[in-house]
Amino acid sequence: MPVSPVEPVDLLDLKLLPAWVKEPIEERKYDYVESEEARGRDRRHPRGKRPTFKVDKRDPSRQEKVGRDRRARRIRVRHEQDRDRGPRPVSRANDQHKPSVVPPEITVRFLPYSPAFDSVVAQIKSTSVAYSLFALARLFLEKPKRYHVRLTAKAESPLYQIGENGALSLDRDFLERNAFRFAREDFYKVDVTQSDPIKGNFSNVARCKLTGTLLGPTNHHNYQPQLRSLYEQRFSRRMSFAEYQRQIEIVNEPALIERWKEEARTVTTYTTLRDGTPSTFASAAEAERHFRSSYLPELVRSAEEVTIGGVLSRCLPDRGLHRAIEEAWTRETRSPSNTMQELAARFREAGLNVFRHRRGMLFVSTIRTRPFVHDQAGVSPSVNAVLEALAATPGINRKELAEKLIVDLSAEDAESRKLTLASDLRWLISEGHVIEFNDGSLDLPRGRAKPAESGASILLSKEMEDARETLTPFDESTEIGGS
C-alpha cells in the first residue's frame, strides 16, 4: 500500500462554525461503508421485503408441488454456476479483505492535526468570542485530513507495521505475504514502456479462467514465463502448478487475440532505488524475490503504539483494524468526549481559557470569565442597564440588546447611546464580565457574585473566583451534548 501523497492542509474556518445551540446531533458514517441496516436487507429487494407467492391453501398437493419446484430450480441454478466457474481458490488479491481472526483489542484516540489546530488557535486569539468545545471537536472529526489516529495495543498482541510509515496489521503473516505489494513503490522504480508490434499470425490464445488474464499463444516464446509469473504472484500458496495449469483455457476469438497483441507490447521493468548499484528486473516476480531476500527480513516491525494520518486510517488493508477505527470514529463523532479532552489540554497549553457555561458545557476563549463584583453604585448607569438586561434575558444578541435599551430617544441621543453601549459592551467583554459566543449571543458568566463591601473584599473575591475557575476539573460525566 503506497503512502498517500501529502495533501494541502484543510484549514478550518471558524466563521462557518454553526451556532452551538443549533448543532444537529446525527450519526455520520464513512462514505464507503454500508450501513448495518442495509446489510440486513435482501439486496435483491431494496425495501427489505421478500416477495410473497400466492398459493392456494385449499390444495395441499399444490403447495407441496410448488415447494419441490422451487428447491429443484435453486439446486439446478447453483450446479450450473459451479460448473461454469470451476474451482474457486482464494486469490492473493483478496488477502487485504481478510478479517482478523480475533477481534482487535485496540485503544483508538483521535488527535487534532497540528497545522489545522494552529489555524484554529490563531482564529480564536484574533477575536474575543467564545467557541463551543463540542462543536470544535466535531469539526475536527468531520474530515480525515483534520486529525491523526493513535492506536495502542497490548504487549501480548502488538501491532505490526512495514517500516516507519507503511501498512499496519494485527497479523504479521498477512503483512509479510503482501509486503511487496504494499511497499513496492518505496523500493523500486516502475517503468512501463511500449515495444514494437508483435508480428506473426496466431489462431488462438491461452486465458486464465480464474483471473481472465490473457497469457498468449502456447507456442509463443513468452507464454511459459507469463504463466509461471502469474502462478507465483497469485496462486503459488493456494494450489500446485499442475492444478493451476488445469485452469488455463484456449480461446480463438479474433478480438481477444488482438487484445493480447496490444497488451503484450507493454513492458514493465522494476529498478531498485536503495542499492548503490541499481538493479533492473523484467517482471514483478523477479522483483518480489529480490525484495523478500534483500529488504523484507528487517522491514516488518512490531509496536504497541502507532500514530497514523486520518486519510491512511480509512484505507487500512486489515479489516479487523479498519473496523475498530471505524466504530471508534462513529462513537466519538456522536459524543466526542476524548477529543474534547485533547483539545482542552492543548488550548490551555496555547494560553487560551477553557470554561464551563450553560448546563456545564465547555467553551474556549481568549478571555478569562469572571462575574461582575462591583457595587452597582460604583459604576455607570449604562453598565448597570446592560448587566440587568442580560440577567433578565440571557442569550440575546447586540441588536436585540440595543433595541431593548435604546427606546424613546431622539436621533441624536440614540446615536450617542449606541456609541456608549458599544463601548460598555467592549469593556465588559474584554474584562470577562460578559460572554459573547460565536453565534452572536450574549450572556453573563456562571455564579454571579454578591456586591463587595470594600476594595479588599473585591480583590479577594476576584482571586477566589480565578482560583475556582483554574482548579475546575474536566469531568467526562458532565453533559457535553448539543442543545
Side-chain angles (χ1 to χ4, degrees), residues 1-7 10 29-34 90-116 140-141 143-188 233 237 273-274 287-288 291-292 294-333 338-339 342:
M1 180 174 56
V3 179
S4 58
V6 178
E7 299 182 2
D10 183 17
K29 296 183 174 65
Y30 281 12
D31 295 338
Y32 53 84
V33 176
E34 186 180 14
V90 180
S91 170
R92 282 183 66 196
N94 294 329
D95 278 359
Q96 61 177 324
H97 303 298
K98 179 182 177 182
S100 299
V101 178
V102 180
E105 297 180 359
I106 300 293
T107 301
V108 182
R109 288 188 68 90
F110 298 91
L111 312 176
Y113 184 44
S114 295
F140 275 97
L141 294 170
K143 294 183 179 181
K145 299 177 184 178
R146 299 173 180 173
Y147 61 82
H148 282 168
V149 181
R150 178 173 295 168
L151 305 173
T152 306
K154 294 185 176 181
E156 59 271 17
S157 56
L159 293 164
Y160 297 97
Q161 187 175 24
I162 297 179
E164 295 293 332
N165 301 305
L168 281 172
S169 179
L170 294 162
D171 186 352
R172 186 187 184 97
D173 294 337
F174 162 76
L175 208 57
E176 290 180 347
R177 286 197 307 269
N178 297 275
F180 177 72
R181 180 160 54 90
F182 295 154
R184 176 177 55 199
E185 296 183 1
D186 295 334
F187 292 87
Y188 299 90
Q233 290 182 46
R237 298 176 181 85
L273 296 174
R274 303 192 180 190
E288 183 172 358
F291 172 82
R292 291 186 175 279
S294 302
Y295 305 125
L296 184 60
E298 299 179 356
L299 191 60
V300 178
R301 68 183 186 93
S302 62
E304 296 181 20
E305 184 175 280
V306 177
T307 302
I308 59 177
V311 176
L312 180 61
S313 71
R314 294 198 172 192
C315 55
L316 292 177
D318 190 314
R319 282 188 61 183
L321 197 58
H322 174 89
R323 178 58 59 85
I325 297 175
E326 175 196 339
E327 293 176 352
W329 179 85
T330 302
R331 291 192 303 268
E332 191 68 12
T333 303
N338 292 330
T339 306
E342 185 70 27

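One-based numbering along the sequence shown. Just so it is clear, the values below take in all heavy atoms, side chains as well, and ignore hydrogens, waters and symmetry mates.
Side-chain atoms of Glu304 and Lys154, non-hydrogen and from C-beta on, never get closer than 4.5 Å to each other. Taking the side chain as every heavy atom from C-beta outward, Glu164 and Arg301 approach each other to under 4.5 Å. By the 4.5 Å heavy-atom criterion applied to side chains, Asn338 and Glu332 are counted as neighbours. Looking at heavy atoms from C-beta onward, Leu151 lies out of side-chain contact with Thr307 at the 4.5 angstrom threshold. Under the 4.5 Å side-chain criterion, counting only non-hydrogen atoms from C-beta, Pro144 is not in contact with Trp329.
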| request: Step by step, work out the side chain to side chain contact (heavy atoms under 4.5 Å, CB included) result for Arg109 and Thr339. | output: CA-CA 8 Å; Arg109 288 188 68 90; Thr339 306; over 6 Å; no
Exercise for the section: Could you give me the CA-CA distance, side-chain angles and deciding distance for Phe291 and Leu296, then say whether side chain to side chain contact (heavy atoms under 4.5 Å, CB included) is met? Expected result: CA-CA 6 Å; Phe291 172 82; Leu296 184 60; 4.2 Å; yes
Kindly determine whether Thr152 and Val306 satisfy side chain to side chain contact (heavy atoms under 4.5 Å, CB included), including the steps that lead there.
CA-CA 7 Å; Thr152 306; Val306 177; over 6 Å; no
If you apply the rule side chain to side chain contact (heavy atoms under 4.5 Å, CB included), what do you find for Val300 with Arg172, and how did you get there? CA-CA 8 Å; Val300 178; Arg172 186 187 184 97; 4.0 Å; yes
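Under the 6.0 Å cut-off for aromatic ring centres, Tyr295 and Phe187 qualify, their centroids lying closer than that. Aromatic pair His148/Phe110: ring centres not closer than 6.0 Å.
By the neighbour-count criterion of 12 heavy atoms within 6.0 Å, atom CD of Glu298 is sparsely surrounded, having that number or fewer from other residues, nucleotides or ligands.
Residue Leu299 comes nearest to Ala183 through the heavy atom pair CD2-CB, 4.5 Å, listed as atom of the first residue, atom of the second, then distance. Residue Ala153 comes nearest to Leu159 through the heavy atom pair CB-CG, 4.0 Å, listed as atom of the first residue, atom of the second, then distance. Of all heavy-atom pairs between Ala303 and Pro158, the closest is O-CB, 3.7 Å. Nearest approach of Ala324 to Val108, heavy atoms of both residues: O-CG2, 4.3 Å.
If you take CG on Leu175 and CG on Leu168, they are separated by 8.0 Å, rounding to the nearest 0.5 Å. Ile162 contributes atom CD1, which lies 9.5 Å from atom CZ of Arg181 (distance to the nearest 0.5 angstrom). How far CZ of Phe174 is from CZ of Arg319: 11.0 Å, rounded to the nearest 0.5 Å. Leu312 contributes atom CG, which lies 9.0 Å from atom CG of Asn165 (distance to the nearest 0.5 angstrom). In this structure, NE2 on His322 lies 13.5 Å from OG on Ser169, to the nearest 0.5 angstrom. Ile308 contributes atom CD1, which lies 7.0 Å from atom CG of Leu321 (distance to the nearest 0.5 angstrom).
Between the side chain of Glu342 and the main chain of Leu111, no donor-acceptor pair closer than 3.5 Å is present.
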